[in-house]
Asker: 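Structure below; questions to follow.
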Number of protein chains: 2
Amino acid sequence: MDNKTQTRAQLTTPAVLIDLAKVERNIRRHQDYANRHGLKLRPHIKTHKLPQIAAMQLRAGAIGVTCQKVSEAEAMVAGTPDIQDVLITYNIVGAEKLDRLAALARKVKLSVVADNKTVVAGLSQRFAAEASPLAVLVECDTGAHRCGVATPDDAAALADVIAHSPGLSFGGLMTYPPPDGAANVQSFMSRAKALIEAKGITVPVITSGGTPSMAKAGDAPVTTEYRAGTYVYNDRSLVARGACGWDDCALTVLATVVSVPADNRAIIDAGSKTLTSDLLGLPDYGHVLGRDDIRIDQLSEEHGRLVSDGPIGLKVGDRIRIVPNHACVVSNLVDQVYVTSADDANAGGTMWDVWPVAARGRIT
Amino acid sequence: MDNKTQTRAQLTTPAVLIDLAKVERNIRRHQDYANRHGLKLRPHIKTHKLPQIAAMQLRAGAIGVTCQKVSEAEAMVAGTPDIQDVLITYNIVGAEKLDRLAALARKVKLSVVADNKTVVAGLSQRFAAEASPLAVLVECDTGAHRCGVATPDDAAALADVIAHSPGLSFGGLMTYPPPDGAANVQSFMSRAKALIEAKGITVPVITSGGTPSMAKAGDAPVTTEYRAGTYVYNDRSLVARGACGWDDCALTVLATVVSVPADNRAIIDAGSKTLTSDLLGLPDYGHVLGRDDIRIDQLSEEHGRLVSDGPIGLKVGDRIRIVPNHACVVSNLVDQVYVTSADDANAGGTMWDVWPVAARGRIT
């Protein structure tokens, strides 16, 4: 069947639907925010994993993209010539990955991060043999307690090591802040910047990130770049935080009711293999559009259980659309997404493209 | 690099490792249990999604395989001629899936389940045109409250509908019981069987399932077949239930320490995209082999956070092996697994094959 003539009712379920009109609107809104606050936007591709959407973000004004793993960057760069500037926000360890990183650095403007001397030494050893130095930013822990140097003094010390390492250049400072962490970012980064500049080293970039914190990114004016991912689709976790409404959610999961075994219970053909078991602090596994009374209270791998207090009012064969708790992980589970520009919740909507998720499953 | 000469230390991480010697032992142990209790074993392929391991299970005495979705069955049947008998334990809805089901039924002995008349009508309409009838089992709810008819009377009524539907034959009764549900299975199935036989209809198969309940499967002697998946690899959830020990866990995730930002904290390159966020009632995200003192207390998509009460004693570049909470979902996240017969936890172990996960991501 020609996918371009498939209507939503004809799609085999479960299927991940992307509403490109909403994607465009989300991109525009966040690019405008970045522009207003003098922030360069460098979207994280983890949410969509699609070269096509990265290209839309770049056309709207993004300065480049962010990837988390080398293999993600490889897939994205191979997918579109529009991507010419990539930041990999990860400590890269191991000879095989360093070789792939060097190959990538010959194709596009590339930068990475490091939070320790072992990683810096590995990068330096490999890139000393390359024609151009690799830009390395220092990852800073501003309160999320994941990766990152713990203090501005540690950041300055590692910046000094990078600046004096063969094959490397000091690229700036990077952090993934905790929720509502703008004040932390401002104080840590201002102090680290002053310490580094006191050593005679320029700090070209200070980059922070995270869609939930983006509305407060302007409160950390020391920041020059911002990395956000989820905003492009939005999801239930962001609706719950008040960052957007259901109408801003561009990714939905189309599912079919396969069983109504009790008056207040229905089973759909989407389980944790499509919706994931990510709760992100929410009480259950997704929001059924148009049915605030339904809870998805349990997932097996291929079954989703819907319950309601009163009669559930669904029959076998009915189709529903679900806004998942966490859009990024849903993108990672499917080989392809169905792209549409129609956004009614019912059977209508002509499909006009099927996109393979180019950077799905890229974990190395 | 020739994968057959790669040692574990050379593998790029994160990587999913399968110890085939442990797989063989787990298969043997559970086949022996089934034989002792007069149960035919029909392994669920959802755990491994590998035709190669299905073939091992069949050679050990399994009578066929279980799949959850039509597309899983397609991938498995395409992967090995050893698979000649498939039960799909799912209500199949929709013309496109029914066409694929009919194509599959022309290749292998196929049976499916149904728990409602709408699904039976769809199957009948499609299979009335086929040369051979499709065997349809009635799915029964013995307490798990997912799919399934609610009472033995409902089971008998639906069996009668199936037996009199063009294109179909009544295949028996199927349930996925709740934990420790053998007594429920015995009472529900005995009653349903008597009611159906009273209508003059034979009940060829009564199938129950689930690795956690398998040790008690003998307590429901009405059962003729058993479907289990996880036993082939085992995982942390089964160790926690006392069903096996760490040495029985055949699937492990190899990860590299990329950061040690504090004395009691280390970050590895495996996050929820490899280990999944499935907790299955456990307090954290996996067990680090040989390090009972470490907790994986937080996962991002590409980061795993390890914490300990005292000094964590890890350095950047160290490799660890993790037994995940839930093996089945890990198989669904990776394009390939590394198969080994060596099982020391350190750097040794010659890799001797890389297997693509043939039925990964098959959600339709």
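Keep in mind the model is a prediction, meaning the values are calculated, not measured.
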Asker: By a 4.5 Å heavy-atom criterion (distance strictly below it), what part of Ala144(A) contacts chain B: side chain, backbone, both, or neither?
Answerer: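 Only the backbone of Ala144(A) comes within 4.5 Å of chain B.
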Asker: Looking at chain A, which one of Ile92(B), Val260(B), Thr118(B), Asp154(B) has the largest number of heavy-atom pairs inside 4.5 Å, strictly under?
Answerer: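 Among Ile92(B), Val260(B), Thr118(B), Asp154(B), the one with the most close pairs to chain A is Thr118(B).
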Asker: Give, as side chain, backbone, both or neither, the part of Lys97(B) having an atom under 4.5 angstrom from any heavy atom of chain A.
Answerer: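 Interface part for Lys97(B): side chain.
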Asker: Glu72(B) versus chain A, heavy atoms under 4.5 Å apart: side chain, backbone, both or neither?
Answerer: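 Just the side chain, heavy atoms under 4.5 Å.
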Asker: Using non-hydrogen atoms only, which part of Val93(B) is less than 4.5 Å away from chain A: side chain, backbone, both, or neither?
Answerer: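 Only the side chain of Val93(B) comes within 4.5 Å of chain A.
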Asker: Restricting to non-hydrogen atoms, name the atom on Ser259(A) and the atom on Cys147(B) that form the minimum distance, rounded to 0.1 Å.
Answerer: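 Shortest heavy-atom separation between Ser259(A) and Cys147(B) comes out as CB-SG, 3.8 Å.
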Asker: Any idea which of Ala270(A), Ala262(A), Ser300(A) has the most non-hydrogen atom pairs under 4.5 angstrom with chain B?
Answerer: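 Answer, by heavy-atom pair count under 4.5 Å with chain B: Ser300(A).
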Asker: For Gln68(B), which atoms come within 4.5 Å of any heavy atom of chain A: side chain, backbone, both, or neither?
Answerer: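 It is the side chain, since no backbone atom gets that close.
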Asker: Please determine whether a side-chain nitrogen of the Lys or Arg among Lys69(A) and Glu301(B) lies less than 4.0 Å from a carboxylate oxygen of the Asp or Glu.
Answerer: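 No, Lys69(A) and Glu301(B) are not salt-bridged.
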Asker: Considering only heavy atoms, which portion of His145(B) lies under 4.5 Å from any heavy atom of chain A: side chain, backbone, both, or neither?
Answerer: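 Both parts, heavy atoms under 4.5 Å.
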Asker: With only heavy atoms counted, which part of Asp141(B) is less than 4.5 Å from chain A, the side chain, the backbone, both or neither?
Answerer: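 For Asp141(B), the side chain is the part near chain A, not the backbone.
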Asker: Looking at Arg146(A) and Arg265(B), what are the two nearest heavy atoms and their distance?
Answerer: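 Looks like O-NH1, 2.7 Å.
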Asker: Looking only at heavy atoms and a cut-off of under 4.5 Å, which of Val149(A), Val334(A), Val316(A), Ile363(A) has the most pairs with chain B?
Answerer: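 Greatest number of close heavy-atom pairs with chain B: Ile363(A).
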Asker: Flag the one option from Arg305(A), Lys46(A), Glu139(A), His303(A) with the top tally of heavy-atom pairs under 4.5 Å to chain B.
Answerer: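 Heavy-atom pairs under 4.5 Å are most numerous for His303(A).
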Asker: Is any residue of residues 274-282 of chain B within less than 4.5 Å of chain A by heavy atoms, and which ones?
Answerer: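 Within residues 274-282 of chain B, the residues that come under 4.5 Å of chain A (heavy atoms only) are Thr274(B), Ser277(B), Asp278(B).
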Asker: Please report the shortest heavy-atom distance between Tyr90(B) and Asp269(A), naming the atom on each side.
Answerer: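 Residues Tyr90(B) and Asp269(A), closest heavy atoms: OH-CA, 3.0 Å.
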Asker: Test side chain to side chain contact (heavy atoms under 4.5 Å, CB included) on Glu96(A) and Leu11(B) and set out the steps.
Answerer: CA-CA 9 Å; Glu96(A) 190 267 355; Leu11(B) 283 181; over 6 Å; no
Asker: Mind checking whether Leu333(A) and Leu333(B) have side chains closer than 4.5 Å, heavy atoms only?
Answerer: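 Leu333(A) reaches Leu333(B) side chain to side chain.
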Asker: Does any heavy atom of chain B fall under 4.5 Å from the side chain of Asp115(A), the backbone, both, or neither of them?
Answerer: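 Just its side chain gets close to chain B.
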Asker: Would you name the heavy atoms of Pro14(B) and Thr364(A) that are closest together and state the gap between them?
Answerer: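 It is O-CG2, 3.9 Å.
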Asker: Tell me, side chain or backbone of Ile267(B) under 4.5 Å from chain A's heavy atoms, or both, or neither?
Answerer: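 Just the side chain, heavy atoms under 4.5 Å.
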Asker: Would you call Arg360(B)-Asp335(A) a salt bridge at under 4.0 Å N-O?
Answerer: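 Asp335(A) and Arg360(B): salt-bridged.
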Asker: By a 4.5 Å heavy-atom criterion (distance strictly below it), what part of Thr256(B) contacts chain A: side chain, backbone, both, or neither?
Answerer: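 Interface part for Thr256(B): side chain.
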